Structure formats: structure tokens, C-alpha cells
Undergrad: 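Structure in C-alpha cells, see below.
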Amino acid sequence: MGTDRENGSLYTKIDGKVATVEFGHPAGNSFTAELLNRLVKELDQLSNNDAITVIVLKSEGERAFCGGASFDELLAVSNLEEGKVFFSGFAHVINAMRTCKKVIIGRVQGKTVGGGLGLAAACDYVYANEAAAIRLSELSIGIAPLVIAPAVERKIGTAALSELSLAPTEWKSAYWAQEKGLFSKVFDSLKELDKELDFFTNKLAGYNPEALYEWKKMLWNHTDHWDNLLVDRAAITGKLVLSDFTKEALNKFKK
């Protein structure tokens, strides 16, 4: 059973050298601003925890991995500053994942939309279930996936990002995501996924943590400018969310 907390939940379990961070929200594991901030702080804390080597990022339940941004909070944005602050939450999470000293393994068990795709893309390796279809729905509600685009493009390339984003109502399968490089491995059952994930993370956790960190830095080379880039993108998205088009579209989704 998932959480019923209005602002969502975030729990961390440490087993040996592996920390599992689990987030949840009653609305399809979507993110409120508070939950985004809590995730950033947790990742920063784990990054500096010398007792762990690997982080697993997962969400509650067996259905949606992440529904992206909270529609209620999107509708509540009333000015440019509020919009920038809200979308900066996703920027800060992606940057926290990018600069984290630990390798982050994603467990994507179900459908993933919008900002959730950014989280998956910011993971260093992703295990997914075949039910983990993906969609970038932003254009259909009058905004654009500007904040998460660098992370997604880094994994799947410009052509695949274009195909995904310009068909905002079309789901792409988990196998499409694997073919394009977003998912590392796809399984036909959660039981098999979790078995292989446990084996992989424990094996990875046995490697030299210094070597893993140096290699992760190399894999994220040429992304130092993201600290400013993603926040600048958040400001543009915050402006778009104030448009009449977006307000009307969000209200339709709520009905």
C-alpha cells in the first residue's frame, strides 16, 4: 500500500553498503515541492556517508514509478517566482543525483511521466519492468520539458528526445526506452527484476568506492554548467505554466 500523505513520503533503508531511497505520493508517486526538497537533502546526506557505496532509487507500489510534478501545485503557481521555485525543485534533484559521490541505480516498476523521466535519466543505471512505459506529456499541457531535457538527451540523444517530446500523448514502451539507452535492463516480472537488482547492487557495492566515484565523474563529464542551466530552464518553465493554455489544460486533467 502506498502513502496517503498529502506531501508524499520519503524513506531510506541501509543494508550493508547499499542505501535504498523510496519515495511515494498518493497521486501516482508525483512530486510536491516539499518532497523534491527532501529528496535533494537525502541524496546530499548519502553522498557524504562513507559507509555506503551504492544508492537505489525506487518508488512505492507496483504501478506508476513517477507521475512527474504535482498537478495541484502546478495549478497553484500564481507568479513567475513561484513557478521558478517549483521547477527548480526538479533541477536541484537532477543536479544532486549528478554530483552524488555514489552510483545511483534506478528501479522503475511502472509508468513514468514528465519529471519522473528526468529522475530515471539522472540515474547511472536503471532496472525496469516491462510495464514501465514512458511519456513526455509537457507540450500537451502548454509547457516544455526544459529542465529535464539535458538529462534525458544525455541518455537517449536528440533524435529520440524529439520523437518522445513531440508526441506528448503517446506512450513509448520499456523496450523502446532500453533500445534508446534510458533503461539498462528490462524484466518481464518484478520478482525477477528485484532478484537481479539485489545481485547487481551488492556486487557493485563490493567495488572500490573511490574508483566508482572517479568513474562516475567521468561519465558525467561536461555537465558542470547544469547548476545554472537547469535553474535557468526552470524559470522559463515557470513562465509557461502561468499561461491560460496551461491553466485550462491542467484543469481538464483534474476533471
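All residue numbers in this chain count up from 1 along the given sequence. Everything numeric here is computed off the predicted structure, so don't read it as measured data.
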Undergrad: Which of these, Ile105, Leu190, Thr20, Asn202, sits in a side-chain contact (heavy atoms from CB on, under 4.5 Å) with Leu197?
TA: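 Result: among Ile105, Leu190, Thr20, Asn202, Ile105 is the only option passing the side-chain contact (heavy atoms from CB on, under 4.5 Å) with Leu197.
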
Undergrad: Apply the side-chain contact (heavy atoms from CB on, under 4.5 Å) test between Ile14 and each candidate in Val21, Ile55, Ile52; give the one that qualifies.
TA: Ile52

Undergrad: Same cluster for Ile236 and Leu136 if Ile/Leu/Val/Met/Phe/Trp/Tyr side chains link at under 4.5 Å?
TA: yes

Undergrad: Identify the heavy atoms of Ala151 and Ala121 that sit nearest to each other, and give their distance.
TA: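 In this case the closest contact between Ala151 and Ala121 is O-CB, 3.5 Å.
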
Undergrad: Please determine whether the number of non-hydrogen atoms from other residues, nucleotides or ligands lying under 6.0 Å from atom NE2 of His225 exceeds 12.
TA: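 Yes.
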
Undergrad: Is it the case that the side chain of Ser189 and the backbone of Glu192 share a donor-acceptor pair, with hydrogens and angles ignored and the cut-off at 3.5 Å?
TA: yes

Undergrad: Rounded to the nearest 0.5 Å, what's the gap from NZ on Lys101 to CG on Asn49? Could you check?
TA: 11.0 Å

Undergrad: Return a table of donor-acceptor pairs under 3.5 angstrom between the side chains of residues 80-97 and protein atoms on other chains or two or more places apart.
TA:
| from | atom 1 | to | atom 2 | distance (Å) |
| --- | --- | --- | --- | --- |
| Glu82 | OE1 | Ser78 | N | 2.8 |
| Glu82 | OE1 | Ser78 | OG | 2.8 |
| Glu82 | OE2 | Ser78 | OG | 3.4 |
| Ser88 | OG | Lys84 | O | 2.6 |
| Asn95 | OD1 | Arg98 | NE | 3.0 |
| Asn95 | OD1 | Arg98 | NH2 | 3.1 |
| Asn95 | ND2 | Ala91 | O | 3.3 |
| Asn95 | ND2 | Trp226 | O | 3.3 |

Undergrad: Counting only heavy atoms not in Trp171, do more than 12 sit closer than 6.0 Å to its CH2 atom?
TA: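 Check passes, neighbour count above 12.
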
Undergrad: Treating Ser184 as the side-chain partner and Tyr127 as the backbone partner, does any N or O pair qualify as donor plus acceptor under 3.5 Å?
TA: no

Undergrad: Please say yes or no: joined through hydrophobic side-chain contacts below 4.5 Å, possibly via intermediate residues, are Val126 and Val54 part of one cluster?
TA: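 As far as the 4.5 Å side-chain criterion goes, Val54 and Val126 are not connected within one cluster.
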
Undergrad: Keeping the roles fixed (side chain from Lys155, backbone from Ala177), state whether a donor-acceptor pair exists under 3.5 Å.
TA: no

Undergrad: Leu229 and Val231: same hydrophobic cluster, using ILVMFWY side-chain contacts below 4.5 Å?
TA: no

Undergrad: Can any side-chain N or O of Thr32 pair as donor or acceptor with the backbone N or O of Asn7 at less than 3.5 Å?
TA: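 Pair found, side chain donor or acceptor close to backbone of Asn7.
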
Undergrad: So, for Glu170 and Arg135, which heavy atoms are closest and what is the spacing to 0.1 Å?
TA: O-CG, 3.5 Å

Undergrad: Between Ala122 and Trp220, what is the shortest heavy-atom contact and its length?
TA: O-CZ2, 3.3 Å

Undergrad: Is the backbone of Gly110 close enough, under 3.5 Å, to the side chain of Thr112 for a donor and an acceptor to pair up by distance?
TA: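 Flag set: sc Thr112 to bb Gly110 pair under 3.5 Å.
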
Undergrad: Is the NZ atom of Lys239 crowded by more than 12 outside heavy atoms at less than 6.0 Å?
TA: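 Counting neighbours around NZ of Lys239, 12 or fewer heavy atoms of other residues, nucleotides or ligands fall under 6.0 Å, so no.
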
Undergrad: Applying side-chain contact (heavy atoms from CB on, under 4.5 Å) to Ile134 and Val108, what does each step give before you reach the verdict?
TA: CA-CA 10 Å; Ile134 62 173; Val108 181; over 6 Å; no

Undergrad: Rounded to the nearest 0.5 Å, what separation is found between the NE2 atom of His25 and the SG atom of Cys66?
TA: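 If I round to the nearest 0.5 Å, the distance is 10.5 Å.
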
Undergrad: In this structure, would Ile143 and Leu146 fall into the same cluster of hydrophobic residues linked by side-chain contacts under 4.5 Å?
TA: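 Looking at the clustering, Leu146 is in the same group as Ile143.
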
Undergrad: How far apart are the closest heavy atoms of Lys247 and Val77, and which atoms are they?
TA: NZ-O, 2.7 Å

Undergrad: So does Glu130 get a backbone contact from the side chain of Asp188, meaning a donor-acceptor N/O pair under 3.5 Å?
TA: no

Undergrad: Using a strict cut-off of less than 4.0 Å between a Lys/Arg side-chain nitrogen and an Asp/Glu carboxylate oxygen, indicate whether Asp194 and Arg107 qualify as a salt bridge.
TA: yes

Undergrad: So how far is it from Thr237 OG1 to Leu242 CG, rounded to the nearest 0.5 Å?
TA: 11.0 Å

Undergrad: What I'd like to find out is whether the side chain of Pro209 reaches to under 4.5 Å of the side chain of Lys17, using heavy atoms alone.
TA: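 No - every pair of side-chain heavy atoms lies 4.5 Å or more apart.
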
Undergrad: If you look at every heavy atom in Ser30 and Ala27, which pair is closest and at what distance?
TA: OG-O, 2.9 Å

Undergrad: Please tell me whether Glu138 and Ser165 have a donor and an acceptor in their side chains that are separated by less than 3.5 angstrom.
TA: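 There is no such pair (donor and acceptor under 3.5 Å, judged by atom type) between the side chains of Glu138 and Ser165.
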
Undergrad: Crowded around Asp15 CG? As in, over 12 foreign heavy atoms under 6.0 Å?
TA: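 Check fails, neighbour count at 12 or below.
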
Undergrad: So do Lys172 and Lys180 actually touch side chain to side chain, heavy atoms under 4.5 Å?
TA: no

Undergrad: Contact between Lys191 and Lys195 at the side-chain level, heavy atoms closer than 4.5 Å - yes or no?
TA: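 Sidechains of Lys195 and Lys191: no contact.
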
Undergrad: Should we count CG of Asp244 as having more than 12 external heavy atoms under 6.0 Å?
TA: no

Undergrad: Can you find a side-chain donor-acceptor pair between Asp44 and Asn48 that sits under 3.5 Å?
TA: no

Undergrad: Establish, from distance only, whether the side-chain atoms of Ser243 and Thr246 form a donor-acceptor pair under 3.5 Å.
TA: yes

Undergrad: Measure from the side-chain N and O atoms of Glu22 to the backbone N and O of Leu57, and report whether any donor-acceptor pair falls under 3.5 Å.
TA: no

Undergrad: Check whether any side-chain heavy atom of Phe23 sits under 4.5 Å from a side-chain heavy atom of Glu42, and report yes or no.
TA: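 They are not in side-chain contact.
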
Undergrad: Look at the side-chain heavy atoms of Ile, Leu, Val, Met, Phe, Trp and Tyr, link any pair under 4.5 Å apart, and say whether Tyr175 and Tyr125 land in one connected group.
TA: no

Undergrad: Once rounded to the nearest 0.5 Å, what's the spacing between atom CZ of Phe245 and atom CG of Leu240?
TA: 11.0 Å

Undergrad: Check whether any side-chain heavy atom of Glu73 sits under 4.5 Å from a side-chain heavy atom of Phe31, and report yes or no.
TA: no

Undergrad: Heavy atoms, side chains only, cut-off 4.5 Å: are Leu35 and Leu10 in contact?
TA: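 Side chain of Leu35 against side chain of Leu10, heavy atoms only: contact under 4.5 Å found.
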
Undergrad: Can a donor-acceptor pair be found, under 3.5 Å and without considering hydrogens, that links the side chain of Asp124 to the backbone of Ile104?
TA: yes

Undergrad: Has the side chain of Lys58 got a donor or acceptor atom that lies under 3.5 Å from a matching backbone atom of Gln109?
TA: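 Here the side-chain-to-backbone pair does not exist.
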
Undergrad: Stepwise, does the salt bridge (Lys or Arg N to Asp or Glu O under 4.0 Å) test hold for Glu214 with Lys217?
TA: CA-CA 5 Å; Glu214 291 300 329; Lys217 285 195 295 183; 3.3 Å; yes

Undergrad: Report the C-alpha distance between Leu182 and Leu117 in whole Å, list the side-chain angles of each, state the deciding distance to 0.1 Å, and finish with yes or no for side-chain contact (heavy atoms from CB on, under 4.5 Å).
TA: CA-CA 9 Å; Leu182 180 68; Leu117 205 56; 3.5 Å; yes

Undergrad: Would you call Thr223 and Pro150 a side-chain contact if the rule is heavy atoms closer than 4.5 Å?
TA: no

Undergrad: When you compare the side chain of Trp176 with that of Leu164, does any pair of heavy atoms fall below 4.5 Å?
TA: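 SC-SC contact between Leu164 and Trp176 confirmed.
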
Undergrad: How long is the span from the NZ atom in Lys216 to the NZ atom in Lys102, to the nearest 0.5 Å?
TA: 10.0 Å

Undergrad: Could you grab the distance from atom OG of Ser173 to atom CZ of Phe183, nearest 0.5 Å is fine?
TA: 9.0 Å

Undergrad: Do you know which two heavy atoms are closest between Gly238 and Val241, and how far apart they sit?
TA: O-CG1, 3.1 Å

